[in-house]
Amino acid sequence: MTNKGPDYWRGEAEYIFEQDPACHSVEEAYLYPGLVARQYHDKARAEYLAGHYYQARVISEEARRVTGIEIHPGATIGDQFFIDHGIGIVIGETSIIGDRVTMYHGVTLGGITSKQDVKRHPTVGNDVIIGAGAIILGDITIGDGAKIGAGAVVLKDVPAGATAIGVPAKIIEQK
């Protein structure tokens, strides 16, 4: 049902341990709700890709109840995705998240249209940091190495290496 085995999840737990100074062991990282939600998502996504949409949603709803993190089974998530704290995160169906992304609690990757069969959620590049409470809406791209400030509302693309803050978000720095 899942493509990712124990070695993969061990690597993900090791990444969390390396990233979070509050994590005291790799074993402790397995308890992090972000990692638990990702393991559920892996199973839900396998069902989703097999066309078993109802079963996929059953799994994702269970994950939401257990972790407080809602990840649609259709979302695509890269490696070493670190969800710190996690409560209140919502990741929509057509979201794409790259590798080594850090996301804090209360983040929404949402859509701004209800049309089916279109990309309606954000694409987040590699090595991105998304601060607590940020809202990123629509089919926009957050470039590699970008930083999104806490509480920002992002409605337009953010270039690679840029920092975006505010409501609506504005670019304050670009490398």
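Criterion: ILVMFWY side-chain heavy atoms under 4.5 Å apart, direct or through other members. Under it, Y15 and Y8 are part of a common hydrophobic cluster. Note: the hydrophobic cluster containing I83 does not contain V66 (ILVMFWY, side chain heavy atoms under 4.5 Å, direct or indirect links). Residues I77 and I136 share a single hydrophobic cluster, defined by chaining ILVMFWY side chains whose heavy atoms lie under 4.5 Å apart. Taking hydrophobic clusters as Ile, Leu, Val, Met, Phe, Trp and Tyr residues chained together by side-chain heavy-atom distances below 4.5 Å, I142 shares a cluster with I171. The same ILVMFWY cluster, assembled from side-chain heavy atoms under 4.5 Å apart, contains both I59 and V36.
Residues forming a side chain to side chain contact (heavy atoms under 4.5 Å, CB included) with E61 (at least two apart in sequence, or on another chain): R57, R64, R65. The side chain to side chain contact (heavy atoms under 4.5 Å, CB included) search around T163 returns K147, I165, I172, E173, not counting sequence neighbours.
Side-chain contact between S60 and Y40: absent, with no pair of heavy atoms (C-beta onward) separated by less than 4.5 Å. Side-chain contact between V58 and E62: absent, with no pair of heavy atoms (C-beta onward) separated by less than 4.5 Å. Between R38 and W9 there is a side-chain heavy-atom pair separated by less than 4.5 Å. The shortest distance between side-chain heavy atoms of V154 and I135 does not fall below 4.5 Å. The shortest distance between side-chain heavy atoms of T123 and I140 does not fall below 4.5 Å. With contacts defined as side-chain heavy-atom distances shorter than 4.5 Å, the pair D127/V101 does not qualify. Using a 4.5 Å heavy-atom threshold, the side chains of Q80 and Q19 count as separate. By the 4.5 Å heavy-atom criterion applied to side chains, Y104 and I130 are not counted as neighbours.
Of the inter-residue distances, the one linking I97 atom CD1 with H121 atom NE2 reads 11.0 Å to the nearest 0.5 angstrom. Atoms CD and NE2, from E70 and H41 in turn, are 11.5 Å apart once rounded to the nearest 0.5 Å. A distance of 5.0 Å separates CD1 of I89 from CD1 of I69, quoted to the nearest 0.5 Å.
With T67 contributing its side chain and A63 its backbone, the two residues share a donor-acceptor pair below 3.5 Å.
Here the closest heavy-atom approach between residue G125 and residue D144 is recorded as CA-OD1, 3.3 Å. Considering every non-hydrogen atom in both V128 and G143, the closest pair reads CG2-O, 3.4 Å. In this structure, I87 and H105 approach most closely via the heavy-atom pair O-CB, 3.4 Å. Across A75 and I71, no two heavy atoms sit closer than the pair CB-CG2, 4.1 Å. Listed here is the closest heavy atom pair of D79 and E12: C-OE1, 3.9 Å. The two atoms that bring A44 and A56 nearest to each other are O-CB, 3.3 Å, heavy atoms only.
Put simply, the residue from T94, V90, V124 that forms a side-chain contact (heavy atoms from CB on, under 4.5 Å) with L109 is V124.
Within the structure, ring-ring contact (aromatic ring centres under 6.0 Å, His included) pairs that include any residue of residues 58-83 comprise Y48-H72 (at least two apart or interchain).
Within a 6.0 Å radius of NZ in K119, other residues, nucleotides and ligands contribute more than 12 heavy atoms.
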Any chance you could lay out the side-chain hydrogen bond (donor to acceptor under 3.5 Å, both in side chains) test for D20 and Y32, step after step, and finish with the verdict?
-> CA-CA 11 Å; D20 189 354; Y32 275 46; 2.8 Å; yes

Give the intermediate values and the outcome of salt bridge (charged side-chain N to carboxylate O under 4.0 Å, His left out) for residues E14 and R10.
-> CA-CA 6 Å; E14 289 170 354; R10 174 78 184 185; 3.2 Å; yes

